[in-house]
> 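Quick one: the structure is below, questions incoming.
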Amino acid sequence: MLAFREALIASKRAPLLSALGVLTIAFSLFAFGLFSLVALNIKHSLQQVEERVEIRGFVTDGTPIEPIAAAMKDISAFPEVAKVDFVSQEQALARARKELSEFKDVFEEDVLPGSIEVHLRAGLRNPGTVRDVANRVGRYDFVDDVRYGEEWVDKLYRLRNIATVAGTGLGLAFALVAIIIIGATIRMAVLHRAKEISIMKYVGATDGFIRLPFLIDGLMRGVVGGLLALLLIWFANRTINRYFLQTIFFDRKTIAIGIVSGALIGVIGSMYAVGRHLRRI
Amino acid sequence: MIRLHHVAKEYPRTGVALSHLTFQIKKGEFVFLTGPSGSGKSTLLKLLLMEEKPTEGEVWVSGVSAKKARRRDISHLRRRLGVIFQDFRLLEDRTAEANVRFSLEVTGAPKSAFAQKVNRALTQVGLASKGTSYPRELSGGEQQRVAIARALVNDPFVILADEPTGNLDERATRGVFQLLKDINASGTAVVMATHDLDLVRNSNYRVIELNHGRVVYDSAETPPPGTGMTPPGGLPGSLLFPASDKPAGTN
């Protein structure tokens with residue numbers, strides 16, 4: 001196809017400019033991608049902490065199992081509740097001895113009460129819901145006390161909100177900078193071929209015909225730049241994983257979205273740059 | 001074929017470039033556009049190429065109206081126009097053949113006819129043996145011939161030439177001019193902007209002289225001064241026939 005050939009000729013004719021263009025796209029996307037990876041890991045860590053949000057209702061010693069079972073059935077029917085467990089006195093003791101092994105001799109039988117542990121569904125672990133469910137659990141006669149780390153839940157929730165707002169804001173800023181830099185790179189490529197474009201116009205090429213090789217060029221740059229950025233982020237992630245701390249990487253869907261975004265930025269940037277140029281000649 | 005009616009062109013920054021232009025160019029005609037630098041020759045060619053729209057009045061080229069034409073209509077019109085420039089405007093990294101073929105490729109013409117058409121155009125300009133040369137390997141005159149071949153390859157009804165001999169020495173100028181005359185003799189109209197007054201005086205073609213954006217002389221309307229039909233003193237504003245007491249054409 002002629003447009004493909006023209007796009008390749010353009011890259012071959014100015015290899016340095018093309019390479020610089022691809023590298024600029026790659027580094028812009030790398031900066032954005034690295035930020036996204038950090039954001040993803042922060043979100044993941046907060047999620048893990050959040051999963052540990054639980055409401056614990058301590059049960060009076062000697063309560064028969066039937067009312068406890070009935071209460072657990074009620075509680076698990078609450079729409080906010082994901083899971084309800086009963087931890088008997090023996091289980092509580094075993095757990096305490098295991099988690100606090102240095103004090104294992106201190107714990108004696110029957111010193112720890114049995115409890116009902118309630119885990120909430122993801123997305124419903126906000127302070128309001130936690131408090132509400134805790135109150136409802138506390139209404140049972142045989143429940144002595146309810147604990148859910150009130151302050152801790154509040155702080156965690158606030159932290160998550162701040163992280164979301166800051167992450168979205170910074171992410172948008174990074175994306176905007178990437179788009180501006182990529183746009184400038186593509187514009188440089190268009191200006192480099194201004195003479196060719198003007199000759200095309202004079203010999204009767206339509207706007208679409210002139211635009212197509214640039215769109216293909218932009219697409220190729222976007223995809224190659226995106227892949228290069230992905231490779232760089234993967235290396236960065238591997239290094240952090242090996243020497244510093246355990247992190248998670250993007251899943252396949254996110255990777256695909258990233259590359260498609262690179263391609264789209266390339267195509268849209270080219271369309272804009274050529275369109276602007278064509279309107280002036 | 002080409003018709004201008006009360007055409008004016010004004011630029012926001014530089015002001016009036018052309019005003020009160022009304023004339024026609026017939027099929028197969030050879031017309032010189034002359035006048036000093038800044039007189040509006042290039043602007044007029046831009047209007048004919050529909051690169052610019054007139055601020056006032058109307059330009060028709062082969063039935064296409066500058067006011068009504070959409071971008072696509074303009075592209076299709078340009079495929080039937082041949083255009084050449086003072087600076088040749090060849091693609092430096094393509095051979096002469098590839099430069100000529102470029103003009104066919106953008107029109108979406110059937111590929112099978114490319115080689116034959118390119119060859120014919122290069123033969124017509126006398127460069128059949130230099131098809132594989134790159135522009136830098138050719139002389140100025142030869143480069144302009146490649147540009148002419150590129151303009152000819154789509155069989156245009158008119159060649160619009162903006163100072164085609166401006167960068168050439170005398171010998172190359174004669175060669176290129178002869179080529180344009182031959183093209184005209186085969187039925188293609190030629191509109192050639194030039195300020196080479198000798199070239200204009202020594203030919204019998206129609207001359208439209210511009211000064212300050214106005215037509216000061218059109219040989220189709222007014223016979224040359226000194227022929228008995230116009231005042232012998234020359235024409236005001238004309239470089240070709242300056243208003244002085246010298247006989248016409250001897251300044």
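First the proteins, then the strands, lettered A, B, ... as listed; each starts at 1. On a predicted model such as this, the values are computed, not experimentally measured, just so you know.
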> With chain A, which of H76(B), R89(B), R80(B) has the greatest number of heavy-atom pairs at distances under 4.5 Å?
R89(B)

> Looking at side-chain heavy atoms only, is the closest gap between E105(B) and M200(A) below 4.5 Å?
no

> Within a strict 4.5 Å, meaning less than it, do heavy atoms of the D207(A) and R72(B) side chains meet?
no

> With a 6.0 Å cut-off (strictly less than), is the heavy-atom count around CZ of F23(B), excluding the residue itself, greater than 12?
yes

> Write down the atom of S75(B), the atom of A205(A), and the distance for their closest heavy-atom approach.
OG-O, 3.2 Å

> Mind listing the closest non-hydrogen atom pair of T206(A) and R79(B) along with its distance?
CG2-NH2, 3.6 Å

> With rounding to the nearest 0.5 Å, note down the distance linking CD1 in I84(B) to OH in Y202(A).
13.5 Å

> Once rounded to the nearest 0.5 Å, what's the spacing between atom CD1 of I199(A) and atom CZ of F85(B)?
8.5 Å

> Using 4.0 Å as the upper bound for N to carboxylate O, is an ion pair formed by E196(A) and R94(B)?
yes

> Quick one: what part of R150(B) sits under 4.5 Å from any heavy atom of chain A, side chain, backbone, both or neither?
side chain

> Hey, are the side chains of V203(A) and R78(B) touching, using non-hydrogen atoms and a 4.5 Å cut-off?
no

> Decide yes or no on side chain to side chain contact (heavy atoms under 4.5 Å, CB included) for K201(A) and V83(B), but give the supporting numbers first.
CA-CA 11 Å; K201(A) 293 285 309 175; V83(B) 56; over 6 Å; no

> Check each atom of L77(B) against the heavy atoms of chain A and say whether the ones under 4.5 Å are side chain, backbone, both or neither.
neither

> Just wondering, more than 12 heavy atoms not from K53(B) lying within 6.0 Å of its NZ?
yes

> Check the surroundings of atom OH in Y272(A): do more than 12 heavy atoms from other residues, nucleotides or ligands lie under 6.0 Å from it?
no

> Is H119(A) atom NE2 crowded by more than 12 heavy atoms from other residues, nucleotides or ligands, each under 6.0 Å away?
yes

> Should the pair E92(B)-K195(A) be classified as a salt bridge under the 4.0 Å nitrogen-to-oxygen rule?
yes

> Taking atom NZ as the centre, does K155(A) end up with more than 12 heavy-atom neighbours from other residues, nucleotides or ligands that are less than 6.0 angstrom away?
no

